[in-house]
Amino acid sequence: MGGIRFARRRLLLAAMVWGLGTMAAAQAAEEGSLRASDPSRLPAAARARHDVVVSAISEPQGIFNPYLFHNGWDENVTQVIFANLVGLDRQGRPVPQLAESWQVSRDNLVYTFKLRPNLKFSDGSPLTASDVEFTLTLLHDPKYDGETDISLANIKGGADYKAGRAGTISGIKVLDPRTIRITTTEAGAVTLPLIGGPVLSRAYYGKNYTPGHLDGVRTQSARPLGAGPYVYDKYIPGQEVRFHANPYYYAGKPPVPFFIYRITSDATKLQLFQTGEVDNDRFSINKDNIEQLKSLGFANIDIYNSSDYSLVEFNLKKPYLKDVRVRQALIYGLDRQKLVDVVYQGYGSVATEAVAPGSWAYDPSGVNPYAYNPARARTLLDQAGWKVGADGIRVKDGQRLTLTLLATRKLLTDALIPIAKESYKAIGVELRPEVSDFNALLAKRKAGHYDLATFSTSLINDPNEGVHDFLTSQSVNGYHNPQVDRLTVEANATLDLKRRKQLYHQLYQVLAGDPPVIYLAYRKVLSASSARISGFTPDIYNGIITSLPHLKIVK
Amino acid sequence: MRQFILRRVLLMFPTLLGASAVIFFIFALTPGDFVDGSISLSPERALELKALYGLDHPAWQRYLHWLWQLAHGDLGFSLQYQIPVTELLDRYVWNSFLLASVVLVLYWGLSLLIGVTAAVRPHSWYDRLVTLLVFAAMSFPVFFLCLLLIKWFAVDLAWLPVGGMIATGSESRGWAHVLEVAAHMVLPVLTLVMLQAGSLTRYFRASMLEALALDCVRTARAKGLKERTVVFKHALRNGLLPVITLLGFELPGLFSGAIVTEKLFNWPGAGHIHIDTLAARDYPVLMGFTLFLAVLTILGNLLADIAYALADPRIRIR
C-alpha cells in the first residue's frame, strides 16, 4: 500500500515498468545501473532454481487478453504472451516487431505492413495478415467495452461497420498472407500504435466469436494464446502466473525454459527479494531502499526515468483562474524543488513540460522553468488586482483568494499539501485541500467543484497523450488557447519525428506562457534483479518484456 | 421451537430487503462510477461504455434490476474481473475461510482456556500476568506485528516463508502440499490469534466469574462436589451461554477476509476484494459481496438464537 498506486488502467502499468535512465535531466542523483558487489551472497532459495526466472507483479485480475483487461498488471501479463506488430524502442520510438516493415503513404493516411516470414502463434499455427484483420475488426465491434479506443485510429469505414451499416471495414485490406493495408481518414501519430498492437489469432479467438457477441472471446481470457516470448501455463489467483518458453517466438525460443510472475506487495517485496523468492522486482525509490538493496550484495540495481509526471490542474472555469497572471503566480509561488527533494530524495526533478526526460520529445531548453520566486508571484498577484487583506490573505472585489485543492492520499500529496499551504500562505493565498479517493476526485473534477486538482498522468508512450487534454474540444478544465489547439493537432498529424519534436517544443513554450496546469515532478524508477540472471535491460516503455527473450541464468 | 425458527427465517426476508436497499444506495451515493475512473477515455467513448454497462440509467432502475437478478440467484457480473461475482468470490473466499477457521478454532480454544483458568483464580499473579500478555498482544498495530514476525521468522531465522500460500513455482501434491500451505499459514494465523484472543479472553473471564457467583454453584459446592466438577460442569455451562451469541457473530468473519493481514502476507484471500473493487467502483462485486456478508450476519444471528434456545430452556419463546 502507499507507493505510487494511482489511477488503475494504463497507470498501473507502472507496476512493472523498468528501464535504463537516458541522458537528459538535471538530476543530482546518479542513475543507470549498479552491478552486484558480491554475487556469492545469493540466497539458497534463488540458487536452487535452475530453469526459471521469477519476476514480480502486483495485482493481476486474470483477464489475459490485450484488448479486454482493465488493469495495468493484466496488461503486463498479456505482454509476455502476445507480440505486437509494432513495438517501442528505449526512447519510445516505434520499431518493428511482428511486422518486418511498414510504409506510410505520402499523405500519412495509408499504412502498408509487411509481416516477417513464417510467423507462428505459440500453438504452431501460422500468424498471417488475416489475423491482423480479425483483431482490428473485433475492436470495432459495437459491444466491445475494452480499454482500446480504436475510433482514434480513424480507419476508413470503421464507424460504418460499428453502426451496422457495413458488413466489413473498407479501410482494412489483406493483400497477401504477409501484407495488409490500412486506410485511414485522418492522419495521426496515435494511429500506428493502435493498428500495430498485439495480434489475436483468428482461428483461436474467431471460433467463439460472432459480431455483437464477445462473451466467447471473454471466456478465453483465462486461456490466452499469442505469439509472445512465453506461453501461458497457469494463473493461481493471488499467487502467481506461470509461463513456459515459446518455441515459435519470432526472435527464437528464449533460453530460460520457465518464467513466473509472482504477486508481491509494497510492504514485503524487499523481504521476498532478500530471501530469494523473486529474482526481480521494482521498489519505491528512496535512499533507504537503494542502500538496503546495495547491502544485499547480490542485487543488480537499475535506476531510470519514468514516463509519467505529477501535476496540479487549474480549473479555468473559475473567473479568477482565467487570469493568466494568477496562474503564473501560483506556479512561481510554489516551492516545487522542496517537494521533489522531500519525496524523491534526489531521484526526481521539477517538471517543466508535458513530457518526461527519456522521451525522444523531451527538450526543456527555452521553456520557462518557473523557478521558485515568491517575490515575482506577489508582484503578479498585485498586478492582477488581488490586494493583501487584513489577515494576510489577498482580496479582490470583496472575494478572498481561497483555493480548494482536490487530492488523493499518496506519498506525493502527503508532502505537497503542507508545502503548498505554506508556500501559498507566504504569497497571500489560502489553500483548502480536499482529500478523497481517485474516483471521487475525478467525479468532483467533472462536476467542476474545485479550483485546483492534483494527480499523476498515466505512463505516457507518445507525447500527444500529455497534451491531448489541453485541446479545447477535450479539456475538462475549460482550457482554451487557439495556438495550443493548432500546434497539438498539427504535431499529432505529423509522422516525421524530427518535425514532430520541433512542433512539440514550440507547443511546450506556448503552454508555459499560458499554463493549463502546474507541472510538479518527474520521477525515477528503481528496479533490482538477482545477480544469477543476466540480460535485464529494462526501460519505461517496455518494462522487462524486451529483456525476456535475452535472459540467461549465469551462475 | 419449530414455529420460533420459522418466524425468524421469515423475518430474514424483510431484513435482507432493507439491507439490500441500504447497500445499493450507499454505493450509489459514492461519487464516480466504473467508467469515471479512467482518465484517458474520450468523452464519447465514456458515454458508449456507460451505456454498455447500464450505468446511464437512474439509480432506482438499476436497483430494481439488481433485485430482479438477485431474485434469480444471480449476483451479477464483475466489471473489473469480467467474471460472475459468484465465481470471483469462489476464487478467493475459500482461502480466507481456511485461514479464518483455523484462527477461529485456535483463538476460541486459547481464550476459553485462559479465560476460565484466570476466572477460577481472580486477581492472582497468574490472572494478572495473563491479562497483561493478552492486552499487550492485542494492542500491537497489525501492520507492525506482521512485519515484525516476518523479519524475525522469515528473514532473520529463515524458518518460515515471507508470504503467499505456496512456494513460488511449487508443484507439490497431497501431504507435501498440505504441509507447504500449513507452513505458509503459521505467521498469519499467529498474527490473527494474537490480535483477537485478547478481547475474547476477557469475555470468557467475566462470564465465568459471574457464573461462579451463581447460587447453583454455591449449592454444588455445599453438596461437597469436587472443585473440578463444580467449575467445569456447573459453572462453565452457565458461563458459556452469553458467549454463544458471540460465536454467531463470527460467521461472516470467516468469509470476509482479514484485509491488512492478508495483504501483508500475500495471502490470496477475499480481503483485497473490498479495497480493489471500491477503488474501481466495481459495484456488482461490492454489492454482491456486502450482501453475502449481510446474509451471513443475519444467518449467524439466527443460528446463535437457535443454539441459545437449545442450550437454555429459559429463553425458549414462542
Side-chain angles (χ1 to χ4, degrees), chain A residues 1 5 7-11 43-45 49 52 54 59 61-63 68-71 142-145 147 149 151-152 218 221-222 236-240 242 258 260 262-265 267-268 271-272 274-275 277-278 436-444 446-447 455 457-458 465 469 474 476, chain B residues 30-46 48-49 51-53 77-83 88 91-92 95 143 146-147 150-151 154-155 158 161-171 260 262-270 272 275-276 278-282:
Chain A
M1 316 205 254
R5 174 128 201 244
R8 51 185 216 281
R9 333 257 150 134
R10 292 295 298 282
L11 261 200
R49 284 195 295 269
V52 55
V54 182
E59 285 174 44
Q61 296 176 332
I63 308 174
L68 293 177
F69 61 75
H70 281 292
N71 146 326
K143 286 277 175 229
Y144 171 73
D145 64 349
E147 300 283 302
D149 186 358
S151 70
L152 298 175
R218 228 184 277 286
S221 299
I236 307 174
Q239 289 287 300
E240 58 197 46
R242 298 177 185 173
F258 299 100
I260 293 177
R262 160 95 191 220
I263 295 171
T264 66
S265 66
T268 54
Q271 286 88 332
L272 285 167
Q274 189 177 355
T275 52
E277 292 271 322
V278 298
S436 59
D437 80 343
F438 188 61
N439 238 300
L441 179 148
L442 288 182
K444 285 191 246 175
K446 203 166 147 192
F455 47 90
T457 68
S458 312
E465 294 160 33
D469 289 349
Q474 302 292 329
V476 181
Chain B
T30 20
D33 60 33
F34 185 66
V35 176
D36 290 334
S38 183
I39 40 171
S40 46
L41 283 182
S42 67
E44 300 81 33
R45 183 73 186 146
E48 271 177 33
L49 288 179
L52 276 177
Y53 295 138
F77 199 82
S78 163
L79 300 173
Q80 200 187 184
Y81 291 82
Q82 298 187 12
I83 50 174
L88 177 70
R91 197 185 267 181
Y92 293 105
N95 295 333
F143 198 82
C146 292
L147 290 178
I150 290 174
K151 165 126 181 57
V155 178
V162 174
M165 192 169 166
I166 52 170
T168 312
S170 165
E171 294 283 0
V260 180
E262 285 181 358
K263 175 99 188 165
L264 283 170
F265 287 104
N266 284 332
W267 188 263
H272 74 94
I275 302 177
D276 284 3
L278 182 63
R281 300 291 191 268
D282 192 349

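By convention in this document, chain letters (A, B, ...) are assigned in the order of the sequence lines, proteins followed by strands, and residues within each chain are numbered from 1.
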Taking every heavy-atom pair that is under 4.5 Å apart, which of [options] has the most such pairs with chain B?
options                        : value
A/D145, A/V54, A/T275          : A/D145
A/D437, A/I260, A/I236, A/T264 : A/D437
A/A440, A/A447, A/A443         : A/A440
A/R262, A/K444, A/Q239, A/R218 : A/Q239

Measuring heavy-atom distances to chain A, does [X] have an atom under 4.5 Å in its side chain, in its backbone, in both, or in neither?
X      : result
B/A154 : backbone
B/T168 : both
B/Y53  : side chain
B/A158 : neither
B/E48  : side chain

- Message: Between B/D282 and B/Y81, does the side-chain contact (heavy atoms from CB on, under 4.5 Å) criterion hold? Intermediate values first, please.
- Response: CA-CA 9 Å; B/D282 192 349; B/Y81 291 82; 4.2 Å; yes

Side chain, backbone, both or neither: which part of [X] has a non-hydrogen atom closer than 4.5 Å to chain B?
X      : answer
A/Q474 : side chain
A/P43  : neither
A/V52  : neither
A/Y144 : both
A/E240 : side chain

- Item | Partner set under side-chain contact (heavy atoms from CB on, under 4.5 Å) for B/K151, not counting sequence neighbours |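 For B/K151, the residues satisfying side-chain contact (heavy atoms from CB on, under 4.5 Å) (neighbours in sequence not counted) are B/D156.
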
- Query: Who passes side-chain contact (heavy atoms from CB on, under 4.5 Å) against A/V476, sequence neighbours left out?
  - Reply: A/R445

Side-chain heavy atoms of [X] within contact of [Y], under 4.5 Å:
X      : Y      : value
B/F265 : B/I150 : yes
A/F258 : A/R242 : no
A/E59  : A/I263 : no

- Task: Please answer whether the main-chain N or O of A/N71 pairs with a side-chain N or O of A/Q61 as donor and acceptor at a distance below 3.5 Å.
- Result: no

- Expected output: side-chain B/N266 to main-chain B/G163 donor-acceptor under 3.5 Å: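 Answer holds: no.
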
- Task: State whether A/R49 and A/E277 are salt-bridged, where the test is any N-O pair (Lys NZ or Arg NE/NH1/NH2 against Asp/Glu carboxylate O) under 4.0 Å.
- Result: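 Salt bridge flag = no for A/E277 with A/R49.
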
- Query: For A/H70 and A/E147, does a side-chain donor sit closer than 3.5 Å to a side-chain acceptor?
  - Reply: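 A/E147 and A/H70 do have a side-chain donor-acceptor pair below 3.5 Å.
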
- Note on the structure: Looking only at B/N95, B/L79, B/I166, B/V155, most heavy-atom pairs under 4.5 Å shared with chain A are made by B/I166

